[in-house]
Amino acid sequence: MNIIDNNPYRIAGILSNATEREVQKRKAKTKAYTKVGKGILSEYDFSFLEDISRTEESIEKAFSNIEQNDDKVSFALF
């Protein structure tokens, strides 16, 4: 379950087939919300899964993983 709970796409709150523009838009919005200490919700935050802790560090790591091509396919599967 760890691969699903800590999936970068889930933390970022976007789909795996999101365009680069959508990724950058979500990244800016999420970073702005966390800087002021406000939580951000996504329509992909499902109640039957663990709650997501979106900190500046976890968001930065998630978007870094999404932007790297090495594990992009692996993360997209889950």
Student: Rounded to the nearest 0.5 Å, how far apart are NZ of K25 and CZ of R21?
Tutor: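 Rounded to the nearest 0.5 Å, the NZ-CZ separation comes to 7.0 Å.
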Student: Could you tell me which residues satisfy side chain to side chain contact (heavy atoms under 4.5 Å, CB included) with S64, sequence neighbours excluded, listed by chain and number?
Tutor: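 Partners of S64 under the side chain to side chain contact (heavy atoms under 4.5 Å, CB included) test: Q68.
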Student: Using 0.5 Å steps for rounding, measure from the CG atom of N17 to the CD atom of E22.
Tutor: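 It is 8.0 Å, given to the nearest 0.5 Å.
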Student: Under the side chain to side chain donor-acceptor pair (under 3.5 Å) test, which residues partner K31, sequence neighbours left out?
Tutor: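 Partners of K31 under the side chain to side chain donor-acceptor pair (under 3.5 Å) test: E60.
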Student: Rounded at 0.5 Å granularity, tell me how far CD in E20 sits from NZ in K27.
Tutor: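 If I round to the nearest 0.5 Å, the distance is 9.0 Å.
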Student: Apply side chain to side chain donor-acceptor pair (under 3.5 Å) to E56 and list each qualifying residue two or more places apart in sequence or on a separate chain.
Tutor: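 Scan of E56 (side chain to side chain donor-acceptor pair (under 3.5 Å), adjacent residues dropped) gives none.
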Student: Does any non-hydrogen side-chain atom of I66 lie less than 4.5 Å from one of I14?
Tutor: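 I14 reaches I66 side chain to side chain.
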Student: So, for A12 and F63, which heavy atoms are closest and what is the spacing to 0.1 Å?
Tutor: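 In this case the closest contact between A12 and F63 is CB-CZ, 3.6 Å.
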Student: Restricting to non-hydrogen atoms, name the atom on A62 and the atom on P8 that form the minimum distance, rounded to 0.1 Å.
Tutor: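 Distance-wise, the nearest heavy atoms are O-CB, 3.5 Å.
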Student: Indicate the atoms forming the closest heavy-atom contact of S58 with I11, along with that distance.
Tutor: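 The answer is O-CG2, 4.0 Å.
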